[in-house]
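All figures in this text were calculated on a predicted structure; none of them were measured in a lab. Letters go in sequence order (proteins before strands), and every chain restarts at 1.
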Amino acid sequence: MASGVRVRFAPSPTGHLHVGGARTALFNWLFARHHGGTFILRIEDTDRSRSTEANLDAILDALRWLELEWDEGPPTPGYRQTERFELYRAHAARLRAGGRAYFCDCTPELLDQQRKAAEARKETFRYNGRCRDRGLTAGALRLRIPGTGSTVVDDLIHGPVSFDHAQLDDWILVRSDGTPTYNFCVVVDDVTMQITHVIRGNDHLSNTPKQVLCYDALDYPVPAFAHVSMILGADRARLSKRHGATSVQAYREAGILPEAMVNYLARLGWSSGDQEIFSRGELVERFDIKDVSSAGAIFDQAKLEWVSHEHMKRADGARLVALVRPFIEAAGLTAPPPARLQPMLDTLRERAKTLRELVEVGRFYFERPTSYEDKARARLLTPVGAERLRVLGERLAVVEPFTAPALEALYRALVDELALKLVDLAQLTRLATTGRTASPPLFDVLALLGREEVLHRLRAAAAVARGAP
RNA sequence: GGCCCCAUCGUCUAGAGGCCCAGGACACGGCCCUCUCAAGGCUGAAACACGGGUUCGAAUCCCGUUGGGGCCA
């Protein structure tokens with residue numbers, strides 16, 4: 001059901017997609033999907049010196065990874081600010097013709113001088129409107145704003161926020177060199193794209209009254225605003241590089257599940273009762289912008305990993321197979337065919353928070369042990385251990401079927417026979433077959449490895465044990 | 001500096017005047033389960049920033065202070 005709701009996410013391709021930006025994009029996307037509206041992607045690339053195509057590609061890629069598909073935007077032309085200068089020019093001309101904006105030729109030196117004077121008087125510098133009625137035909141274009149009264153931004157998250165006009169000044173729409181300013185471009189873009197709800201970072205709240213005044217001057221209806229709090233680092237300062245990984249890409253490479261990233265980001269500053277784990281569908285269904293917190297939230301990687309772990313446990317098996325394959329290859333290992341890999345992953349998924357951990361924890365499935373844990377080796381790979389491995393090899397060579405229950409029965413019987421505890425043979429076998437003292441349930445591991453492989457690993461470990469002092 | 005935003009356990013939050021000597025989750029500790037590691041179950045410690053009001057009654061409303069953040073410079 002299509003509604004009139006139109007929202008947008010407008011990143012600048014000056015870097016990777018930041019988790020804060022990703023959350024803003026997510027809230028826009030959720031709002032659009034919840035209301036059956038339209039989610040638009042616009043590229044704010046007017047800063048040509050810092051914007052690159054590579055950054056843009058990386059951002060689009062990250063958005064796709066999060067499955068925040070956009071209904072309008074690139075590659076369709078017309079959604080990049082650099083393609084929209086004619087629009088800015090036309091709107092500027094309209095404001096000037098209607099007397100809502102005027103040219104100003106005050107030099108930077110003059111402005112600077114006034115700024116210093118204001119500071120000396122301990123006042124805040126505001127442009128004094130010197131050129132308002134001079135009828136100039138060139139210079140910087142300024143918006144004429146009311147000298148008295150106030151503008152109230154009725155924010156969906158913060159409620160009404162009032163700004164005194166006395167605090168504002170006739171701000172510059174278009175610089176004397178003809179380039180439109182950020183705030184002006186945003187207004188023209190939002191207006192021409194018929195945006196109904198502007199959901200963006202809290203850092204833009206202070207710019208909003210200026211923009212509202214511009215909508216008024218243009219005689220356009222003002223959209224609804226929702227200013228989402230920022231994501232903070234552990235020291236409560238805005239999350240930045242010095243706090244660690246900030247880009248979505250970094251978490252993708254670390255093996256965080258995309259649905260976990262979405263879940264975590266949504267839960268950061270938003271909640272629905274006591275629920276922590278949400279599917280994408282549940283998020284769309286439950287999301288309400290009014291439930292978004294107005295306070296800043298600290299990015300907690302431990303919680304993100306826990307959420308990822310929860311999704312790891314629930315993920316569809318075939319999907320997990322597809323997701324983990326690149327990580328197996330990146331580790332220099334070879335992935336078994338899906339039919340063999342999937343049951344292996346089922347023994348690993350509750351032991352790993354990320355796809356990368358999934359590979360680390362299950363490394364022995366993909367390659368033979370290249371070493372044995374030192375302490376365990378000294379304790380278990382001894383002459384006695386060698387003899388036990390020999391006996392185990394004999395029994396395992398003939399047990400039928402080679403399944404977890406049958407193997408467990410074999411081990412339990414043998415333990416009784418040798419007057420040992422299960423743990424004695426289990427840890428020995430575990431070390432021999434995985435090289436480690438911790439692994440998924442042993443009998444599952446053996447069954448998955450297969451008889452021939454297990455026998456081979458047992459013999460290799462026995463050889464090491466015999467060679468030990 | 002001016003303006004604006006924010007303030008419940010270490011962290012994310014529930015709480016929209018009495019249900020709260022504050023609930024859930026992550027992280028942390030303990031116990032149980034157990035072939036190891038996990039997972040799971042039980043359990044412990046842990047918060048309404050401070051000060052004034054308003055009210056029979058405030059985490060919840062108002063004012064101020066403090067602290068943090070943002071925007072403009």
Side-chain angles (χ1 to χ4, degrees), chain A residues 111-112 114-116 118-127 150-151 153 155 157-169 171 182-183 201-210 227-239 263-277 290-310 312-313 347-353 357 361-362 373 376 380 404 407-408 411-412 415 420-431 433-434 436-446:
Chain A
L111 263 18
D112 219 53
Q114 292 177 354
R115 189 188 330 276
K116 293 222 169 68
E119 269 167 31
R121 292 191 306 267
K122 297 215 181 240
E123 287 172 14
T124 308
F125 170 72
R126 257 172 279 113
Y127 173 68
S150 62
T151 288
V153 176
D155 193 278
I157 292 171
H158 294 281
V161 184
S162 178
F163 296 86
D164 213 325
H165 291 165
Q167 297 297 331
L168 272 23
D169 63 2
W171 57 284
Y182 171 78
N183 282 309
N202 208 222
D203 46 341
H204 288 105
L205 183 53
S206 300
N207 286 327
T208 308
K210 292 163 74 171
H227 288 92
V228 178
S229 68
M230 324 236 68
I231 295 184
L232 280 21
D235 57 359
R236 300 212 83 90
R238 181 193 202 140
L239 187 69
N263 187 158
Y264 176 72
L265 253 19
R267 259 304 268 109
L268 195 59
W270 172 84
S271 61
S272 177
D274 284 341
Q275 191 169 341
E276 296 285 349
I277 303 302
K290 287 179 183 61
D291 296 330
V292 173
S293 166
S294 51
I298 293 173
F299 191 87
D300 181 357
Q301 190 160 331
K303 177 100 178 230
L304 167 63
E305 289 177 353
W306 174 78
V307 171
S308 187
H309 191 190
E310 290 300 308
M312 187 80 79
K313 286 189 279 186
T347 69
L348 302 171
R349 62 206 301 170
E350 69 183 30
R351 294 174 171 74
K353 297 190 273 293
E357 273 185 28
V361 152
E373 281 181 24
L380 296 168
L407 292 169
E408 179 159 4
Y411 268 70
R412 291 202 183 274
V415 157
L420 294 170
K421 285 181 178 161
L422 183 56
V423 67
D424 298 323
L425 290 186
Q427 283 304 73
L428 176 64
T429 309
R430 174 171 279 117
L431 185 69
T433 52
T434 71
R436 305 179 195 173
T437 52
S439 84
L442 181 66
F443 307 115
D444 292 328
V445 168
L446 299 183

Could you check whether atom NZ of A:Lys313 has more than 12 heavy atoms from other residues, nucleotides or ligands sitting under 6.0 Å from it?
yes
Gap between atoms CZ and P, on A:Arg115 and B:G2 respectively (whole Å)
17 Å
At under 4.0 Å between heavy atoms, what does A:Lys313 touch on the DNA or RNA strands: base, sugar-phosphate, or nothing?
sugar-phosphate
Donor-acceptor pair under 3.5 Å, A:Gln275 side chain vs B:G24 base
no
Give A:Glu276 one of three labels, base, sugar-phosphate or nothing, depending on what nucleic acid heavy atoms sit under 4.0 Å from its own.
base
Can you check whether A:Leu348 reaches A:Pro440 side chain to side chain, under 4.5 Å on heavy atoms?
yes
Polar atom pairs between nucleotides 32-35 of chain B and protein, under 3.5 Å, N or O only, would you list them?
residue, atom, partner, partner atom, Å
B:C35, OP1, A:Arg412, NH2, 2.9
B:C35, O2, A:Arg430, NH1, 3.2
B:C35, O2, A:Arg430, NH2, 2.9
B:C35, N3, A:Leu442, N, 3.4

Atom-pair distance (CG on A:Asp291; P on B:A14), nearest Å:
8 Å
Sequence-distant partners of A:Lys303, side chain to side chain donor-acceptor pair (under 3.5 Å), two or more places apart:
A:Glu276
Name the pairing partner of B:G1, where a pair is Watson-Crick or G-U wobble with both distances under 3.5 Å, or state none.
B:C72
Could you tell me the Watson-Crick or G-U partner of B:C56, where both distances fall under 3.5 Å? Say none if there is no partner.
B:G18
Whole-Å gap separating P (B:G69) and CG (A:Asp235):
8 Å
In terms of side-chain heavy atoms, does A:His227 have a donor or acceptor partner in A:Ser294 at a distance below 3.5 Å?
no
Check whether any side-chain N or O of A:His227 sits under 4.0 Å from OP1 or OP2 of B:C5, and answer yes or no.
no
Using atom NZ of A:Lys303 as one end and atom P of B:G10 as the other, report the distance to the nearest whole Å.
15 Å
Quote, to the nearest angstrom, the P distance that separates B:G18 from B:U13.
23 Å
Rounded to whole angstrom, note down the P distance from B:G24 over to B:U65.
37 Å
Is there a Watson-Crick or G-U wobble partner for B:C37 with both distances under 3.5 Å, and if so, which one is it?
none
Measure from the side chain of A:Asn202, starting at C-beta and using heavy atoms only, and say which of B:C5, B:C26, B:G2 lies closest.
B:C5
Mapping A:Ser229 and A:Ser206 to their closest nucleotides on RNA chain B, which lands nearer the 5' end?
A:Ser229
Side-chain N or O of A:Arg126 closer than 4.0 Å to phosphate OP1/OP2 of B:G1:
no
What one should report as the nearest heavy-atom pair of A:His309 and A:Arg351 is NE2-N, 4.1 Å
Say we look at B:A45 and B:A38: how far apart would their C1' atoms be, to the nearest angstrom?
25 Å
Mind checking A:Thr437 for me? I need base, sugar-phosphate or nothing, with any heavy atom below 4.0 Å counting as a touch.
base
Nearest-Å distance, CZ (A:Arg349) to P (B:G40)?
14 Å
Are the side chain of A:Ser308 and the backbone N or O of A:Glu305 linked by a donor-acceptor pair below 3.5 Å?
no
Side-chain N or O of A:Lys290 less than 4.0 angstrom from OP1 or OP2 on B:A16?
no
Provide, to the nearest angstrom, the distance between the CD atom belonging to A:Glu350 and the P atom belonging to B:C37.
14 Å
Under 4.0 Å, counting only non-hydrogen atoms across every strand here, what does A:Gly269 touch: a base, just sugar-phosphate, or nothing?
sugar-phosphate
Which part of the nucleic acid, if any, lies within contact of A:His309, taking any heavy atom under 4.0 Å across all strands shown: a base, the sugar-phosphate backbone alone, or nothing?
sugar-phosphate
List, with names and distances, any nitrogen or oxygen atoms from the protein found under 3.5 Å away from nitrogen or oxygen atoms belonging to nucleotides 42-45 of chain B.
none

Short side-chain to backbone donor-acceptor contact, A:Glu373 and A:Thr437, under 3.5 Å
yes
Measure from the side-chain heavy atoms of A:Ala438 and tell me the nearest of B:C3, B:C12, B:U36.
B:U36
In whole Å, measure the gap between the P atoms of B:G1 and B:G40 for me.
50 Å
Taking A:Asp169's backbone N and O only, do any of them form a donor-acceptor pair with A:Arg126's side chain (distance below 3.5 Å, no angle check)?
no
For A:His204, all residues meeting ring pair (Phe, Tyr, Trp, His ring centres under 6.0 Å), sequence neighbours excluded
A:Tyr182
Contact class for A:Arg267 vs. all strands (heavy atom < 4.0 Å): base, sugar-phosphate, or nothing?
base
Remember a base hit wins even if backbone is also touched, and classify A:Ser439 as base, sugar-phosphate or nothing at under 4.0 Å, heavy atoms.
base
Any Lys/Arg nitrogen of A:Arg115 or A:Asp112 sitting under 4.0 Å from an Asp/Glu carboxylate oxygen of the other?
yes
How far, in whole Å, is B:C26 from B:A39 if one measures between their P atoms?
10 Å
Report the base-pairing partner of B:C50 (Watson-Crick or G-U wobble, both distances below 3.5 angstrom), or none.
B:G64
Tell me: CH2 of A:Trp270 to P of B:A14, nearest whole Å?
11 Å
C1' spacing across the pair B:C20 / B:C63, given as an integer number of angstrom
25 Å
Pick the P atom in B:C12 and in B:C31, then give their distance to the nearest Å.
30 Å
Go through it in stages, so that I can follow the logic: the residues are A:Gln114 and A:Phe125, the test is side-chain contact (heavy atoms from CB on, under 4.5 Å), and I'd like the CA-CA distance, side-chain angles, deciding distance and then a yes or no.
CA-CA 7 Å; A:Gln114 292 177 354; A:Phe125 170 72; 3.6 Å; yes
Is the shortest side-chain N/O distance from A:Arg351 to OP1 or OP2 of B:G40 below 4.0 Å?
no
For A:Asp203, give me all partners under side chain to side chain donor-acceptor pair (under 3.5 Å), at least two apart in sequence or on another chain.
A:Arg238
Kindly write out the residues that satisfy ring pair (Phe, Tyr, Trp, His ring centres under 6.0 Å) with A:Phe443, not counting sequence neighbours, or none if the list is empty.
A:Tyr411
Heavy atoms under 4.0 Å, any strand shown: does A:Ser162 hit a base, just sugar-phosphate, or nothing?
sugar-phosphate
Applying a 3.5 Å limit to both distances, which nucleotide forms a Watson-Crick or G-U wobble pair with B:G10?
B:C26
Nearest-neighbour nucleotide for the A:His158 side chain, B:C6, B:C26, B:C4 considered:
B:C6
First of A:Asp203 and A:Ile298 reached from the 5' end of RNA chain B, by closest nucleotide:
A:Ile298
When you compare B:C32 with B:G68, how far apart are their C1' atoms, in angstrom units rounded to a whole number?
43 Å
Atom CG of A:Leu268 to atom C1' of B:A25: distance rounded to whole Å?
13 Å
